[in-house]
J.: 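I'd like to ask you about the structure that follows.
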Amino acid sequence: MRLLVLAAALGAAVPAVALAAAPAPSVQRGHEVFDRWCAPCHAPGPGHPGTQSLEAKYKGSKPGALEQRTDLTTELTRFYVRTGVSIMPFFRKTEVSDADLAALGAYIARPRP
Ligand code: HEC
């Protein structure tokens, strides 16, 4: 009987620990990840192959610079970052961890005025 009570107490404690271990993705951290891994190709202006490719792809219907896009969900960002496209490499978890990728997605999808 005492064992049962202990098991029930443990069962209730585990989800609380799991929740505490996964903090909400931080937009600030996402900005840092973007600057390190994405800005060389996706910053605004000339000399950024990602920005120029997306300008050519969308022909003015969407901004070329990713940080000015308002239609990129965290799911889409995750897909492109883990898969790559054209000359964009995919990024390994040792480069952009799952937590950093969640933050990056939150940064790109952040609500804007
Ligand atoms: C080596 C340059 C390079 C790097 C680094 C890079 N990208 Fe890209 N990315 C590109 C290019 C080029 C394209 C456009 C491919 C095409 O023409 O469809 C692209 C496309 C994308 C798209 C698709 C957008 C669309 O509407 O089709 C997303 C999202 C994206 N990149 C996110 C990222 C993120 C986030 C990072 C940082 C983790 C990153 N990229 C790093 C070059 C890069």
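Just the heavy atoms: all of them, side chains too, but no hydrogens, waters or symmetry mates, feed the values below. Note that ligands are numbered from 1 as they come in the structure, with each ligand's atoms numbered from 1 the same way.
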J.: Which residue supplies the protein heavy atom nearest to atom 3 (C) of ligand 1, what is that atom called, and how far is it?
T.: C41 SG, 2.7 Å

J.: What is the minimum heavy-atom distance between R82 and K93, and which atoms define it?
T.: NH2-CG, 3.5 Å

J.: At less than 4.0 angstrom from any non-hydrogen atom of L104, what atoms of ligand 1 do you find?
T.: 35 (C), 38 (C)

J.: Can you see which heavy atom on P63 is nearest to which on Q68, and at what distance?
T.: CG-O, 3.5 Å

J.: Give me the atom names and distance for the closest heavy-atom approach of P49 to P40.
T.: CD-O, 4.2 Å

J.: Taking all atoms of both residues into account, what is the closest heavy-atom pair of P25 and A106, and its distance?
T.: CB-CB, 4.2 Å

J.: Based purely on interatomic distance, does K57 place a nitrogen or oxygen under 3.5 Å from a nitrogen or oxygen of ligand 1?
T.: yes

J.: So if I count the atoms of ligand 1 from 1 in the order they appear, which ones are less than 4.0 Å from some heavy atom of I87?
T.: 12 (C)

J.: At a 4.0 Å threshold, what atoms of ligand 1 neighbour a non-hydrogen atom of S86?
T.: 15 (C)

J.: Name the closest protein heavy atom to atom 11 (C) of ligand 1, giving the residue it belongs to and the distance to 0.1 Å.
T.: G50 CA, 3.6 Å

J.: When you look for heavy atoms under 4.0 Å from ligand 1, do you find them on the side chain of L76, its backbone, both, or neither?
T.: neither

J.: Using heavy-atom distances only, which candidate in Y80, W37, F79 approaches atom 29 (C) of ligand 1 most closely?
T.: Y80

J.: Around atom 25 (C) of ligand 1, find the nearest protein heavy atom and jot down its residue, atom name and distance.
T.: Y58 OH, 3.2 Å

J.: Are any non-hydrogen side-chain atoms of K62 and K57 less than 4.5 angstrom apart?
T.: no

J.: Which heavy atom of E67 sits nearest to which heavy atom of R110, and what is that distance?
T.: O-NH2, 3.8 Å

J.: Any atoms of ligand 1 less than 4.0 Å from a non-hydrogen atom of V81? List them with their elements.
T.: 34 (C), 35 (C), 38 (C)

J.: Hydrogens and angles aside, do E32 and Y107 bring a side-chain donor and acceptor to less than 3.5 Å of each other?
T.: no

J.: With side chain to side chain contact (heavy atoms under 4.5 Å, CB included) as the test, would you mind laying out the steps for L54 and H42 before giving the verdict?
T.: CA-CA 9 Å; L54 294 174; H42 285 290; 3.9 Å; yes

J.: Give me the residue, atom name and distance of the protein heavy atom closest to atom 17 (O) of ligand 1.
T.: S53 CB, 3.6 Å

J.: Please name the pair of heavy atoms, one in G64 and one in E55, separated by the smallest distance, quoted to 0.1 Å.
T.: CA-CG, 3.7 Å

J.: What part of V33 sits under 4.0 Å from ligand 1 if we count only heavy atoms: the side chain, the backbone, both or neither?
T.: neither

J.: Does a side-chain heavy-atom distance below 4.5 Å link L66 with F34?
T.: yes

J.: Does ligand 1 have a heavy atom under 4.0 Å from the side chain of F91, from its backbone, from both, or from neither?
T.: side chain

J.: Considering only the protein, which heavy-atom contact is closest to atom 19 (C) of ligand 1, and what is its distance?
T.: H42 CE1, 3.4 Å

J.: Heavy atoms only: which of M88, E95, K62 lies closest to atom 42 (C) of ligand 1?
T.: M88

J.: Short list, please: which atoms of ligand 1 are under 4.0 Å from a heavy atom of L66?
T.: 30 (C), 32 (C), 33 (C)

J.: Atom CD1 in I108, atom OH in Y80: separation rounded to 0.5 Å?
T.: 12.0 Å

J.: Just need the protein heavy atom nearest to atom 20 (C) of ligand 1, so name the residue and atom and give the distance.
T.: V85 CG1, 3.6 Å

J.: Any idea which protein heavy atom is nearest atom 24 (C) of ligand 1, and the distance to it?
T.: L54 CD2, 3.7 Å

J.: So which protein heavy atom does atom 36 (C) of ligand 1 come closest to, and at what separation?
T.: C38 SG, 2.8 Å

J.: Does a side-chain heavy-atom distance below 4.5 Å link C38 with L104?
T.: yes

